[in-house]
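The structure displayed is predicted, hence computed values, not measured ones.
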Amino acid sequence: MASDKLKGHAALWGANVIWGLNAPIAKSVLDNVSAFAMTSYRMVGACLLFWTASLFLPRERVGRRDLAMIFFASLFGIQLNQMLFLYGLSMTSPVDTSIIATVVPVLTMIFATLFLREPVTLLKVSGVALGAAGAVLLVFSGRGDDAGAASGVWGDVLCIASTVSYAIYLTAFRDTVVKYHPVTSMKWMFLFAAACSLCIYNRPLLSVDYAALPADVYAGIAYVVIGSTFMSYLLVPIGQRYLRPTLVSMYNYLQPVVAVVCTVLAGMDTFSAADAVAALCIFTGVWLVTKSKSRAQLEAELRN
């Protein structure tokens with residue numbers, strides 16, 4: 001239904017606007033705490049928030065088989081994705097991570113074909129390619145000389161591994177995740193993630209000098225935990241429920257747009273003609289993927 005798709009689009013807009021601000025904010029936090037400690041803050045904080053939210057909702061029973069699938073969804077969608085991203089970000093630049101994020105829709109399209117038998121249509125390929133071109137143009141336009149000065153090969157490799165992990169999560173575990181209320185799915189996913197992170201990263205957590213951390217670092221940690229973890233992971237399953245995986249991943253292209261708009265509004269940059277072209281490419285790409293036909297639509301046409 002059109003209203004359901006509208007809910008999905010609105011949820012993904014919200015999640016990716018939040019994520020668009022995450023890279024520069026998280027990068028500033030990583031100057032003071034390790035990526036492993038930051039990963040634990042995200043896992044434990046979001047776990048507590050989702051379980052608290054679940055107290056205000058009807059209790060939903062999850063089968064043992066689905067719990068096992070949710071554990072692996074947590075492994076790929078949260079644990080590996082976030083740990084690799086934060087560790088990679090600590091060794092590279094936010095610009096590089098924005099460019100690497102453009103790979104997610106391509107990988108998701110491939111994995112959706114493998115796991116969900118979704119068709120790879122010309123319209124879908126064109127939309128993904130156009131969106132990727134727009135995102136890369138947006139990152140490089142007028143910001144190229146020193147934007148990537150802090151980049152590192154190993155950091156980029158880890159960020160690429162993070163995108164592969166997230167693309168697998170969006171496709172291989174979609175049916176299990178959308179089977180339950182978003183809070184139910186996420187509270188179990190983050191419970192598994194929190195337990196693993198506390199077992200693995202307890203030393204980095206204890207090594208942080210919390211008394212010496214300035215207030216802005218605590219504010220950054222709060223944004224990463226509440227905004228880019230709790231809120232965004234609450235919104236993404238809504239998008240997964242109503243939209244196809246490739247379209248869900250296409251919203252990654254919105255993140256560099258958000259970054260540019262915020263720098264312009266803050267008076268740190270200007271909006272150029274190249275930015276306008278790039279944004280047009282991104283939104284046109286999303287529209288093309290929206291218009292591409294799903295497996296169910298193609299099968300219905302064949303039956304008729």
Side-chain angles (χ1 to χ4, degrees), residues 4-5 7-9 11-13 15-16 19 62-63 65-85 100-132 135 158-182 184-186 188-190 192-193 229 232-255 285-286 288-299:
D4 289 338
K5 288 188 175 181
K7 289 179 187 176
H9 285 294
L12 292 175
W13 265 91
N16 282 277
W19 276 334
V62 181
R65 179 180 174 83
D66 285 342
L67 272 180
M69 291 295 288
I70 287 174
F71 170 78
F72 286 105
S74 169
L75 180 64
F76 285 95
I78 299 175
Q79 298 172 55
L80 288 175
N81 173 40
Q82 294 304 323
M83 187 275 288
L84 291 170
F85 170 77
I100 291 167
T102 65
V103 179
V104 174
V106 179
L107 294 172
T108 304
M109 183 171 60
I110 294 169
F111 290 141
T113 304
L114 296 175
F115 294 123
L116 303 174
R117 295 190 294 121
E118 281 291 329
V120 178
T121 64
L122 179 61
L123 203 60
K124 187 183 292 184
V125 172
S126 301
V128 170
L130 188 61
L158 290 172
C159 288
I160 291 170
S162 171
T163 65
V164 173
S165 178
Y166 188 62
I168 292 174
Y169 160 71
L170 286 178
T171 52
F173 305 101
R174 177 190 178 276
D175 292 343
T176 302
V177 171
V178 303
K179 189 176 179 179
Y180 301 98
H181 189 280
T184 301
S185 297
M186 291 300 115
W188 285 106
M189 285 178 63
F190 276 99
F192 293 134
T229 310
S232 59
Y233 273 91
L234 181 63
L235 293 170
V236 168
I238 299 173
Q240 285 181 285
R241 183 181 296 273
Y242 299 120
L243 303 173
R244 285 171 285 150
T246 304
L247 183 54
V248 171
S249 66
M250 282 290 290
Y251 272 89
N252 272 45
Y253 294 152
L254 183 62
Q255 294 175 32
V286 172
L288 288 174
V289 174
T290 304
K291 292 299 180 181
S292 66
K293 293 180 179 179
S294 66
R295 176 168 61 90
Q297 289 173 315
L298 292 176
E299 289 176 349

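Nearest heavy atom pair, residue M250 against residue G127, reads CE-O, 3.5 Å. A pairwise comparison of heavy atoms in P245 and T171 identifies CB-CG2, 3.9 Å as the closest pair. Between L243 and L247 the shortest heavy-atom distance is CD2-CD2, 3.9 Å. Of all heavy-atom pairs spanning P237 and V178, the tightest one is O-CG1, 4.2 Å. Here the closest non-hydrogen pair linking Y242 and G8 is CD1-N, 4.0 Å. Scanning both residues, G239 and A11, for their nearest heavy atoms gives N-CB, 4.2 Å.
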Requested in this report: Could you check I168 against F173 for side chain to side chain contact (heavy atoms under 4.5 Å, CB included), going step by step and ending with a plain yes or no?
Outcome: CA-CA 8 Å; I168 292 174; F173 305 101; 4.2 Å; yes
Query - Criterion side chain to side chain contact (heavy atoms under 4.5 Å, CB included) on L170 and F111, from CA distance to verdict - result: CA-CA 9 Å; L170 286 178; F111 290 141; over 6 Å; no
Report task. Report the C-alpha distance between R241 and D4 in whole Å, list the side-chain angles of each, state the deciding distance to 0.1 Å, and finish with yes or no for side chain to side chain contact (heavy atoms under 4.5 Å, CB included). Result -> CA-CA 9 Å; R241 183 181 296 273; D4 289 338; over 6 Å; no
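Residues L235 and L12 form no side-chain contact, since every pair of their non-hydrogen atoms from C-beta on lies 4.5 Å or further apart. Looking at heavy atoms from C-beta onward, W188 lies out of side-chain contact with D66 at the 4.5 angstrom threshold. Taking the side chain as every heavy atom from C-beta outward, V177 and Y169 approach each other to under 4.5 Å. Side-chain contact between M69 and K179 is absent, with no heavy-atom pair separated by less than 4.5 Å.
Put simply, CD1 on I78 and CZ on F190 are 3.5 Å apart, with the number rounded to the nearest 0.5 Å. In this structure, OG in S165 is found 13.5 Å from CD1 in I160, a value given to the nearest 0.5 Å. Atoms CZ and CD1, from R65 and I70 in turn, are 12.5 Å apart once rounded to the nearest 0.5 Å. In this structure, the separation between CE on M109 and CZ on R244 is 12.0 Å, given to the nearest 0.5 Å. From Y180, atom OH reaches atom CE of M186 across 13.0 Å, with rounding to the nearest 0.5 Å. A distance of 11.0 Å separates CG of L158 from OG1 of T163, quoted to the nearest 0.5 Å.
Checked by atom type and distance alone, the side chain of S185 never pairs as donor or acceptor with a backbone atom of P182 at under 3.5 Å. Judged by distance alone, with hydrogens and angles left aside, the side-chain atoms of S74 form a donor-acceptor pair with the main-chain N or O of M189 at under 3.5 Å.
At a cut-off of 3.5 Å, with distance as the only test, a side-chain donor of H9 or Y251 sits close to an acceptor on the other residue.
Here the two rings, on Y166 and F85, have centers that are 6.0 Å apart or farther.
Within a 6.0 Å radius of CZ in F72, no more than 12 heavy atoms belonging to other residues, nucleotides or ligands are found.
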